[in-house]
Amino acid sequence: MPAIPLPPYAPDVASTDAAVSGVALNVLPRADGYGPVLSPVPITLPLPEDCRGAVAFVSPAFGTWIYIAGTRTGLYRYNNSTTGWDSVGNPGREYSMPDGDNWQFALYGGQLIAVHLGAPPQVLDVDSVAPFRDLGGGPPRARAVGIVGEFLVLAGISGQPNAIRWSDLGDPEFWQPGLYPEHTADGQIFPEGGAVTGFSGGEFGIVFQERSIRRLTFNPGSRQVFDTSLVEDNRGAVAPWAICKVGARTFFLDRDGFYLFTGGISTPIGAERVNRTFLATVDPLRFGQTIAVRDVYGPRVVFAYRTKGADPSRRPLLDAGLAYDWGLDRWSALSLAVTAGMATATPPTSLDALTGTLESQTLSFDDASYQGGIPALGFVTTDNRLSLLTGPPLEATIETADAMLARPNRAFARSVRLDSDADDWRAAVGARESLARSVPVSWRPETAPTVERRAPCRSSGRYHRIRARIPAGAAWTYAAGFEIDATAEGLR
């Protein structure tokens, strides 16, 4: 029998399209099939409460990685010596975060700006030991923050949700409008398109509203300061923290699913593949809580969201995920339980954090592994610890679509072989007589491969489906398809 390749993940149409599959869990798309997802390895002690936003960046002065996390009542900085979190919140202010809101961050030179609707914008001088303080100049409270050139931009203004404000050119602590040409601080209200839900900065800014997308372009010498043009109407972002900018690409979530924006018309990337499945499982009351994080291991973005079955006692919890590979234009599903995520790198190893004595260390202290800086994808997990996806592979489950092995006859399948370099795997074969929704798949017991690397199944039916499970911790790099040993039977 010819090999059956592992098809792309598209659960929206998997029941009727034999070229796709409805199960690809804890795997990442590859050109030849799928690869593993590494497990989270905790690198910090727990935060005092659920994380409500986090960021990682390189110190402008020292070149080392800095982790900042926010909770409902505080802001914290990772301490490399203790692996704990030092409070760096504004000592003169009590934070009060609205339900469903998150901290959002932007690095302006050596200053980190943090915003949410429950507090004035906060600023941290990242290379000093001082805590956060109120950003000077009297800026408004805002939901989103970004940088366009040398302007700090606030979006989703408290009391004016359909407005944006920007600072003076080169001065993020000057906000008094109407002083042109001496100063360029100002703002703009958008009468159409609904509330501003997010902002993406860079050489020019992209303003996401509930029902519009606008471009913000600096116009030197103009009293208006910025030209704003409507790029797309009846299309917008509904999840402020699911806006992820990677180079010229910006990924976002609208009411009907996932999109890619590259400057012109948005491209649907989830339609007829994952949108309907996502919309059927996401908690409709926490739709806007979805986050997006760039995967530093490849051309991928990970969306984490809260399902209807999530623990009701932990509202910030996100318990499912989807990974999109824009190079391959393919999806996969992830089993996640997180509250925040970040594209980051491994921290340096402190001498104080080493186990054993200095004399017992097997590596030289100038070894590169102590220096950190290795790219990693990080999430704050359910125990409120920052964890990097650098551990052994998670348990993976991959399934083929229904296939007629002896068209138009029924077939008897004796065994299957997974085309993979996995050290360990299991296979189960299911069969049914019709593709009708009322006809369930009858699965044979899962079996392990023999010494010939074939898993026995003994399954008779008109349509067959194969499921592979690679146990957690098993070493592997690829899974490409199945070879099945089957013979034709009769028409009935």
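Quick note: residue numbers are just sequence positions, from 1. Here the structure is a predicted model, which is why all the values come from computation and not from measurement.
- Remark: Tyr67 pairs with Tyr78 by the ring-ring contact (aromatic ring centres under 6.0 Å, His included) rule, at least two apart or across chains.
- The backbone N or O of Ala242 lies less than 3.5 Å from no partner atom in the side chain of Thr290, so there is not a single donor-acceptor pair.
- For the atom pair CG (Leu322) and OG1 (Thr281), the distance works out to 7.5 Å, reported to the nearest 0.5 Å.
- Judged by distance alone, the side chain of Asn79 and the main-chain N or O of Thr82 form a donor-acceptor pair under 3.5 Å.
- Pro121 places none of its side-chain heavy atoms less than 4.5 Å from the side chain of Val145.
- The line from CG of Leu230 to CZ of Arg214 is 5.0 Å long, rounded to the nearest 0.5 Å.
- Tyr478 pairs by the ring-ring contact (aromatic ring centres under 6.0 Å, His included) definition with nothing, not counting sequence neighbours.
- Note that CG of Leu318 and CD of Gln289 are 5.5 Å apart. Values are rounded to the nearest 0.5 Å.
- At distances below 3.5 Å, at least one donor-acceptor pair connects side-chain atoms of Glu49 with backbone N or O atoms of Thr73.
- For the salt bridge (Lys or Arg N to Asp or Glu O under 4.0 Å) condition, the pairs that include at least one residue of residues 282-294, sequence neighbours left out, are Asp99-Arg286, Asp283-Arg306.
- Side-chain N or O atoms of Ser21 include none that pairs as donor or acceptor with a backbone N or O of Pro7 at under 3.5 Å.
- Tyr108 contributes atom OH, which lies 7.5 Å from atom CD1 of Ile147 (distance to the nearest 0.5 angstrom).
- Scored by the ring-ring contact (aromatic ring centres under 6.0 Å, His included) test, Tyr76 finds no partners at all (sequence neighbours excluded).
- A salt bridge does not link Arg72 with Asp50: none of the charged nitrogens is closer than 4.0 Å to a carboxylate oxygen.
- Nearest heavy atom pair, residue Leu117 against residue Pro98, reads CB-CG, 4.3 Å.
- Separating the OG atom in Ser229 from the CZ atom in Phe204 is a distance of 9.5 Å, to the nearest 0.5 Å.
- In the model, Thr44 has a side-chain atom that pairs as donor or acceptor with a side-chain atom of Trp85 under 3.5 Å.
- Put simply, the side chain of Arg385 does not reach to within 4.5 Å of the side chain of Pro40, judged on heavy atoms.
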For this session: Test Val225 against Phe218 for side-chain contact (heavy atoms from CB on, under 4.5 Å), laying out the working first.
Result: CA-CA 6 Å; Val225 184; Phe218 178 42; 4.1 Å; yes
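- In this structure, Arg52 contributes its side chain and Pro316 its backbone to no donor-acceptor pair below 3.5 Å.
- Using a distance-only test at 3.5 Å, with no hydrogens or angles considered, no donor-acceptor pair links the side chain of Gln104 to the main chain of Val115.
- Between Ile398 and Tyr9, every side-chain heavy-atom pair lies at or beyond the 4.5 Å cut-off.
- Remark: side-chain polar atoms of Asp254 are paired, donor with acceptor, to backbone N or O of Gly236 under 3.5 angstrom.
- Taking Arg141 as the reference, nothing meets the salt bridge (Lys or Arg N to Asp or Glu O under 4.0 Å) condition, with sequence neighbours excluded.
- The stretch residues 179-198 participates, sequence neighbours left out, in these ring-ring contact (aromatic ring centres under 6.0 Å, His included) pairs: Phe174-His183.
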For this session: Given side-chain contact (heavy atoms from CB on, under 4.5 Å), test Val41 with Ser387 step by step and report yes or no.
Result: CA-CA 5 Å; Val41 176; Ser387 300; 5.7 Å; no
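- In Arg249, the CZ atom is not crowded: 12 or fewer heavy atoms of neighbouring residues, nucleotides or ligands sit closer than 6.0 Å.
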For this session: Go through the steps for Phe226 and Phe151 under the test side-chain contact (heavy atoms from CB on, under 4.5 Å), then give the verdict.
Result: CA-CA 10 Å; Phe226 281 101; Phe151 292 91; 3.5 Å; yes
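- Counting heavy atoms from C-beta on, the side chains of Thr83 and Ile43 never come closer than 4.5 Å.
- Residues in residues 117-138 take part in these salt bridge (Lys or Arg N to Asp or Glu O under 4.0 Å) pairs, two or more places apart or across chains: Arg93-Asp134, Arg133-Glu173.
- Judged purely by atom type and a 3.5 angstrom limit, Gln122 has no side-chain atom pairing as donor or acceptor with the backbone of Ala114.
- Side chains of Phe287 and Leu279 form a contact here, defined as non-hydrogen atoms less than 4.5 Å apart.
- Pro131 has its side chain within reach of Pro91: a pair of non-hydrogen atoms, C-beta onward, lies under 4.5 Å apart.
- Listed by first then second residue, pairs satisfying ring-ring contact (aromatic ring centres under 6.0 Å, His included) with a partner in residues 309-343 read Phe251-Trp326, Phe258-Trp331, Tyr324-Trp331, not counting sequence neighbours.
- Between Asp295 atom CG and Asp325 atom CG the span is 9.0 Å, to the nearest 0.5 Å.
- Under the 4.5 Å side-chain criterion, counting only non-hydrogen atoms from C-beta, Leu135 is in contact with Leu152.
- Ser335 and Asn26 are not linked by any side-chain donor-acceptor pair at a separation below 3.5 angstrom, with hydrogens and angles left out of the test.
- The heavy-atom pair separating Val293 from Phe379 by the smallest distance is CG2-CE2, 4.3 Å.
- In this view, Arg273 and Asp329 satisfy the salt bridge (Lys or Arg N to Asp or Glu O under 4.0 Å) rule, not counting sequence neighbours.
- Ser266 and Phe252 make their closest contact through OG-CZ, 3.5 Å (heavy atoms, listed as atom of the first residue, atom of the second, distance).
- The salt bridge (Lys or Arg N to Asp or Glu O under 4.0 Å) test applied to Arg469 returns Glu395, Glu446, not counting sequence neighbours.
- What you find for Met342 and Ala56 is that their closest heavy atoms are SD-CB, 3.4 Å.
- At least one side-chain heavy atom of Leu334 sits under 4.5 Å from a side-chain heavy atom of Val37.
- Nearest heavy-atom pair across Ala14 and Val20 is CA-CG2, 3.7 Å.
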Exercise. Step by step, would you call Leu124 with Arg77 a side-chain contact (heavy atoms from CB on, under 4.5 Å)?
Worked result: CA-CA 11 Å; Leu124 176 74; Arg77 180 173 183 156; 4.2 Å; yes
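- Taking all atoms of both residues into account, the shortest heavy-atom contact from Asn275 to Asp256 is ND2-O, 3.1 Å.
- Within the structure, salt bridge (Lys or Arg N to Asp or Glu O under 4.0 Å) pairs that include any residue of residues 181-196 do not occur (at least two apart or interchain).
- Every residue two or more places apart in sequence or in another chain was checked for a salt bridge (Lys or Arg N to Asp or Glu O under 4.0 Å) with Glu150, and none qualifies.
- Proximity of a side-chain donor or acceptor of Lys245 to a complementary backbone N or O of Gly247 within less than 3.5 Å is detected.
- Using bins of under 30°, 30° to 60° and over 60° for the plane-to-plane angle, the ring pair Trp103/His116 lands in the perpendicular bin.
- Looking at Asp12, its side chain does come within 3.5 Å of a backbone N or O of Arg276 through a donor-acceptor pair.
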